[in-house]
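Presented below is the structure to which this report refers.
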Amino acid sequence: MTGPVEDNAKCYPPPSGVCQFLRLEDLFKLGEPHHRKEHYLSGAREADGMNKVIYSFKNIVDRLFIGAAIDGKSEYFPTLSSRKKLVADEESVNMFSLVYQDEFFMSSQIKIPSDTLSLYPAFDIYYVYGFSSRTYVYFLTLQLDTQLTQMDAGGEKFFTSKIVRMCSNDTEFYSYVEFPLGCTKDGVEYRLVQAAYKQKPGRRLAQALGLSEDDDVLFVVFSQGQKNRSNPPRETVLCLFGEDPFLLPRRGGRLSLPWLLNKELHCIHTPKQIGDDFCGLVLNQPLGGLRVIEGNPLYEDRTEGMGAVAAYTYGEHTVVFVGTRSGQLKKVGGRVEGWMDVCCCLV
């Protein structure tokens, strides 16, 4: 029996509900971490609430980046953290420990402030997809739009999709930056991210976007509007993002992050040029932009609703598959700036 071990959702996990190492051949338990609070990685049972990126690049030590919904338990669970690579000794106290932590409470994690949860008890960040590109780590997230929710007198909750970027070697998360992400088709806004997939473009798609075949592109499925995160509308659209999401600091504009304001850190008014290689300053706090990064709509489904996407390169083409909520698999075609990149057929 491997689980799950049921527990009260309002309680912290018991010792038997912590991540364990299992041998693949027969699922024999090899070990489990010591039960320190930093070993509890997620506080929510949401299906799309948690995601991870294992980063390994050249001389950088392997790291495990984890983004997780916290379900209001900010004192226990970070919303984003960087963990040491899985250790060889299954009983080591370093298993899942933070990459960096000093005596001044600086560490490789970000927590949602309790003040934010006091103002917006429903605030959380749901991590839909994670990936790495070059020397950066990215997450696609859904989070409560505090501005729209505050303006709405009816008590409805509005959500916004955001792409998060950090430098992989930033142990104190000074390089954290996030921007809204979305797609518009025929004047209708699609803002609820459902699924995503990073892929190298085929030759035709790379030429159409002015990229090389070594660059990355991002395919993202969005649902219509900004409401009903847990039961999104079936009106969905598949969108393509080229270079824009990977160059977040270059977008500039007003930078603010209303859910993570540090009252003790006053604004630093010294001008600073933020370029593609920006990895944060010791004096800055995580940043967020307000300008939405718009994708290029490729395919729309207004009946079944798309909930999954995958892609691969075949010859000079980029082939994209989407899965619907009813269990259908579709191979879709899209036209980007006059290039027919994949065959227009559904299977």
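Side chains are part of it too, since the values below use all heavy atoms of this structure and drop only hydrogens, waters and symmetry mates.
By the salt bridge (Lys or Arg N to Asp or Glu O under 4.0 Å) test, Arg325 pairs with no residue at all, sequence neighbours left out. Under the rule for a side chain to side chain contact (heavy atoms under 4.5 Å, CB included), the partners of Thr324 that lie at least two apart in sequence or sit in another chain are Asp301, Glu304, Ser326, Gln328, Lys330. A search for salt bridge (Lys or Arg N to Asp or Glu O under 4.0 Å) contacts involving Glu300 returns Arg302, not counting sequence neighbours. For the salt bridge (Lys or Arg N to Asp or Glu O under 4.0 Å) test, no residue two or more places apart in sequence or in another chain qualifies with Asp145. In terms of the side-chain hydrogen bond (donor to acceptor under 3.5 Å, both in side chains) criterion, Thr171 has no residue partners (sequence neighbours excluded). For Asp26, the side-chain hydrogen bond (donor to acceptor under 3.5 Å, both in side chains) criterion is met by Arg23, not counting sequence neighbours. With sequence neighbours left out, Glu189 forms a side chain to side chain contact (heavy atoms under 4.5 Å, CB included) with Thr184, Arg191. Ser81 pairs by the side-chain hydrogen bond (donor to acceptor under 3.5 Å, both in side chains) definition with Arg83, not counting sequence neighbours. Applying the side-chain hydrogen bond (donor to acceptor under 3.5 Å, both in side chains) test to Lys200 and every residue at least two apart in sequence or in another chain returns Asp216. Annotation: salt bridge (Lys or Arg N to Asp or Glu O under 4.0 Å) contacts of Arg234 (sequence neighbours excluded): none.
Taking the six-membered ring for Trp, Tyr174 and Tyr176 have ring centres at least 6.0 Å apart. Ring pair Phe131/Tyr138: centre-to-centre distance below 6.0 Å.
Under a 3.5 Å cut-off, the side chain of Thr149 and the backbone N or O of Phe158 do form a donor-acceptor pair.
Residues in residues 185-233 take part in no disulfide bond (SG atoms under 2.5 Å apart) pair, two or more places apart or across chains. Residue pairs meeting the disulfide bond (SG atoms under 2.5 Å apart) criterion with at least one partner in residues 171-232, sequence neighbours excluded, are Cys183-Cys239.
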Check against side chain to side chain contact (heavy atoms under 4.5 Å, CB included), Met306 and Leu238
CA-CA 8 Å; Met306 295 178 282; Leu238 171 67; 4.1 Å; yes
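Taking each heavy atom of Ser223 and Pro233 in turn, the nearest pair found is OG-O, 3.1 Å.
Of the residues listed (Glu316, His317, Glu213), the one engaging Arg203 in a side chain to side chain donor-acceptor pair (under 3.5 Å) is Glu316, and it is the only one. Among the candidates Asn51, Thr141, Thr79, the single residue satisfying the side chain to side chain donor-acceptor pair (under 3.5 Å) test with Tyr127 is Thr79.
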